[in-house]
Amino acid sequence: MNYWLFKSEPSTWSWDDQLKAGKKGTEWNGVRNFQARKNMQKMKKGDKGLFYHSGDERRVMGVVEVIKEAYPDHTAEEGDWQMVDIVAVQGLKNPVNLSEIKEHPLLEDMVLVKQGRLSVSPVTKQEFEVIVELAEG
DNA sequence: GCCAACGTTGGC
DNA sequence: GCCAACGTTGGC
């Protein structure tokens, strides 16, 4: 199983919106970046992800799961863009702030930190587990 | 194929 | 509000 991070501006699509969408999940559409697309194409059903709020909040809000692998993004007016479907799995008791991530020796090398503008990024198993631990511990 | 100009994202 | 980082576009 692989792990990922999905970044969203909460005024556009928030963790709350994701929760309200319920267990049938939602399309992760609108990605218009080749590297992010490549990451989505690697996703398998059952992969886990972190849901991150960018902008004013800058923190990991919850855990999601990939429920549908990459398929064409119907919101794209041109170009070969793709999306996956994800579902909210659990909220984190204590959301993990970007500042905590940057200070943590096991997290400071996360792609999220190294490549700030990438909206869909890979996360290692260890990074995923450390973040859930921080949030629930 | 290179690079300058420009636009966007996201953190501070 | 500003700026750094990054991606895209277009001229040469």
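We use all heavy atoms of the structure for the numbers below, so side chains are in, but hydrogens, waters and symmetry mates are not.
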Just checking, is any N or O donor in the side chain of A:Glu69 or A:Gln41 under 3.5 Å from an acceptor N or O on the other one? no
Whole angstrom value for the distance that separates C1' of B:dG11 from NZ of A:Lys102: 6 Å
A:Lys114 vs B:dG11: side-chain N/O to OP1/OP2 distance below 4.0 Å: no
Measure the acute angle between the ring planes of A:Phe51 and A:Trp28, then classify it against the limits of 30° and 60° as parallel, tilted or perpendicular. perpendicular
Generate the contact string for nucleotides 1-7 of chain B. Rules: B means base contact, S means sugar-phosphate contact only, - means no protein heavy atom under 4.0 Å. ------B
Flag for A:Glu9-A:His53: side-chain donor and acceptor within less than 3.5 Å: no
Taking atom types as modelled, find out whether A:Gln18 and A:Thr26 have a side-chain donor-acceptor pair closer than 3.5 angstrom. yes
Hey, are A:Asp73 and A:Thr75 close enough side-chain-wise for a donor-acceptor pair under 3.5 Å? yes
Under 4.0 Å, counting only non-hydrogen atoms across every strand here, what does A:Glu57 touch: a base, just sugar-phosphate, or nothing? nothing
With distance as the sole test, does A:Asp17 use its side chain to make a donor-acceptor pair with the main-chain N or O of A:Ser14 at under 3.5 Å? yes
Sub-4.5 Å side-chain heavy-atom contact between A:Arg59 and A:Glu100: no
Ion pair present between A:Lys42 and A:Asp47, side-chain N to carboxylate O less than 4.0 angstrom? no
A:Tyr52 side-chain N/O to B:dG11 phosphate OP1/OP2 under 4.0 Å: yes
Could you work out how much the helix from B:dG1-C:dC12 to B:dC12-C:dG1 bends, comparing the axis of its first five pairs with that of its last five, to 10°? 10°
Rounded to whole Å, CG of A:Asn97 lies from P of B:dG10 at a distance of 17 Å
In whole Å, what is the span from the CG atom of A:Leu98 to the P atom of B:dT9? 18 Å
Does a donor on one side chain and an acceptor on the other come within less than 3.5 Å for A:Gln35 and A:Asn33? no
A:Arg37 CZ to C:dT8 P, straight-line distance once rounded to whole Å: 10 Å
What is the separation between atom CD on A:Glu9 and atom P on B:dT8, rounded to the nearest whole Å? 15 Å
Nearest-Å distance for atom pair CZ/C1', residues A:Phe34 and C:dT9: 12 Å
When rounded to whole Å, the CG to C1' distance for the pair A:Asn33 and B:dT8 reads 11 Å
